[in-house]
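Everything numeric in this text was worked out from a predicted model, so none of it was measured.
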Amino acid sequence: MVAGIGTELRLPLEASGPLGSSVEIFAHRLPAGARLQRVSSAPAKVIFRWRPSARQWGDWTLFFGAAAGGGTAPALRVYVHVGKRAARTFRLSNVNGRSQNATLLRSVNARARPAASGRVLIRLREVTPEHVPHVVYLLGGTIDRQGRYWLRVRLPMLPNGSSGWIPRDSVDHFRSVDTHLVIDRARFQATLFRRGRAIFRSIVGVGQPHWPTPPGRFYVRERLTGFTDPIYGAIAFGTNGRSSVLTDWPGGGFIGIHGTDQPQILPGRVSHGCVRLPNPSIRRLDRLMRIGTPVTVR
């Protein structure tokens, strides 16, 4: 469902039980300002009423239940997106300096349009090729005419910049970040911004001319440690970006951001496409940047 800030959302709910039983409809942890208005008792009817405030922008998961004669019905889960207005299609990232992400709960097909009949673009696995939980970047969402909630996400496929649609119930709760990493290939510089203010800078190494670091908009998909090869340094961040020339590499030639055991070669065009930072810099970046942070390579 969609709700506009300052506009009342009304959701009628009805439940019945065994003949002669008393049925109660209830909710789990209602948002501030929301309430259930009782309409009748046989059958039990209530109206969920909520006028979201500006502070309540974002996505909410509501749970309703019914009980009668000592028994409880399975909870009804309802997704509600609160935006500036009750529009069926909306942005979830790059809003007020914030971006949103979520972890896949199961493997799912990403489709070319928000419909079960949409063409499959790629199968997203619940773990990445590095065997860590798969975090997806949420570009936007839409509620179709049947009330089904779809998410548009960035995809780990060529061409870079591809996006597709997955069902809302294929991911867990949304998480928000207010950081943005920018890689400047010409200046060999990485800059981390928080709400538009630079909070970190470092020299970097980027791809060699025949193995270039691809430009575009990506995101930090995973954080990796414990390498046996010191070339990756102390920490690595995996992105959804892919090399267009090293497509036969294990895992598909994904672009990483990592440390190095050879700081003397930085800055410069030194890698197969990954972005390399001195180990002290990647450790500091690790303290400032969370998974899900958008990355712009220019």
* Asked: Between R148 and D169, is there a salt bridge with N-O shorter than 4.0 Å?
  -> no
With [X], which residues qualify under side chain to side chain contact (heavy atoms under 4.5 Å, CB included), at least two apart?
X: D184; value: A186, R187, R298
X: R194; value: D178, T179, I199
X: T7; value: none
X: T89; value: T142

* **Check against side chain to side chain contact (heavy atoms under 4.5 Å, CB included), V80 and F48** => CA-CA 12 Å; V80 179; F48 168 76; 5.7 Å; no
* Step by step, work out the side chain to side chain donor-acceptor pair (under 3.5 Å) result for T296 and H180. => CA-CA 8 Å; T296 299; H180 179 198; 2.7 Å; yes
Show the nearest heavy-atom pair for residues [X] and [Y], with the distance to one decimal.
X: T213; Y: G207; answer: OG1-N, 2.8 Å
X: P129; Y: R221; answer: CD-NH2, 3.9 Å
X: F237; Y: L285; answer: CE1-CD2, 4.3 Å
X: R290; Y: S176; answer: NH2-O, 2.7 Å
X: W150; Y: P167; answer: CE3-N, 3.8 Å
X: S163; Y: L139; answer: CB-CD1, 3.7 Å

Heavy-atom check, side chain of [X] versus side chain of [Y], under 4.5 Å:
X: V177; Y: P294; answer: yes
X: F227; Y: D261; answer: no
X: P215; Y: N160; answer: no
X: S243; Y: W211; answer: no

Please determine whether residues [X] and [Y] belong to a single hydrophobic cluster, defined as Ile, Leu, Val, Met, Phe, Trp and Tyr linked transitively by side-chain heavy-atom distances below 4.5 Å.
X: V136; Y: F90; answer: yes
X: L155; Y: I166; answer: yes
X: I282; Y: I255; answer: no
X: V220; Y: V182; answer: no
X: W50; Y: I5; answer: yes

* side-chain hydrogen bond (donor to acceptor under 3.5 Å, both in side chains): which pairs involve residues 57-82, sequence neighbours left out? -> D59-H81, D59-Y149, R77-Y79
* **side-chain hydrogen bond (donor to acceptor under 3.5 Å, both in side chains) contacts touching residues 27-42 (sequence neighbours left out)** => Q37-R49
When you measure from the side chain of [X] to the backbone of [Y], do you find a donor-acceptor pair of N or O atoms at a distance under 3.5 Å?
X: R88; Y: D144; answer: yes
X: N101; Y: T293; answer: no
X: R154; Y: Y219; answer: no
X: R185; Y: F188; answer: no
X: Q100; Y: L138; answer: no
X: T239; Y: G256; answer: no

* Candidate pair L92 and F174, rule side chain to side chain contact (heavy atoms under 4.5 Å, CB included), full reasoning -> CA-CA 10 Å; L92 290 171; F174 294 0; 4.1 Å; yes
Enumerate donor-acceptor pairs with a distance under 3.5 Å from any side-chain N or O in residues 114-123 to protein atoms, sequence neighbours excluded.
unit_1	atom_1	unit_2	atom_2	d
S117	OG	R113	NH2	2.9
R123	NH1	N109	OD1	3.3

Below 3.5 Å, can you tabulate the donor-acceptor pairs from side chains in residues 273-280 to any protein atom, sequence neighbours excluded?
unit_1	atom_1	unit_2	atom_2	d
N279	OD1	A234	N	3.2
N279	OD1	T260	N	3.2
N279	ND2	T260	O	3.1

How long is the gap from [atom1] on [X] to [atom2] on [Y], to the nearest 0.5 Å?
X: L9; Y: I47; atom1: CG; atom2: CD1; result: 11.5 Å
X: L104; Y: R125; atom1: CG; atom2: CZ; result: 11.5 Å
X: W165; Y: R111; atom1: CH2; atom2: CZ; result: 14.0 Å
X: N96; Y: R195; atom1: CG; atom2: CZ; result: 9.0 Å
X: R175; Y: R98; atom1: CZ; atom2: CZ; result: 13.5 Å
X: Q56; Y: S53; atom1: CD; atom2: OG; result: 3.5 Å

Identify, with sequence neighbours excluded, every residue that meets side-chain hydrogen bond (donor to acceptor under 3.5 Å, both in side chains) alongside [X].
X: S16; answer: none
X: D286; answer: R223
X: S107; answer: none

* Asked: Distance under 6.0 Å and angle within 45° of the ring axis: does R217 meet both against Y137?
  -> no
* Given side chain to side chain contact (heavy atoms under 4.5 Å, CB included), test L62 with L11 step by step and report yes or no. => CA-CA 11 Å; L62 309 178; L11 175 63; 5.8 Å; no
* Asked: Would the number of heavy atoms belonging to other residues, nucleotides or ligands and lying under 6.0 Å from NE2 of H131 be above 12?
  -> no
* Which residues share a ring pair (Phe, Tyr, Trp, His ring centres under 6.0 Å) with H134, sequence neighbours left out -> none
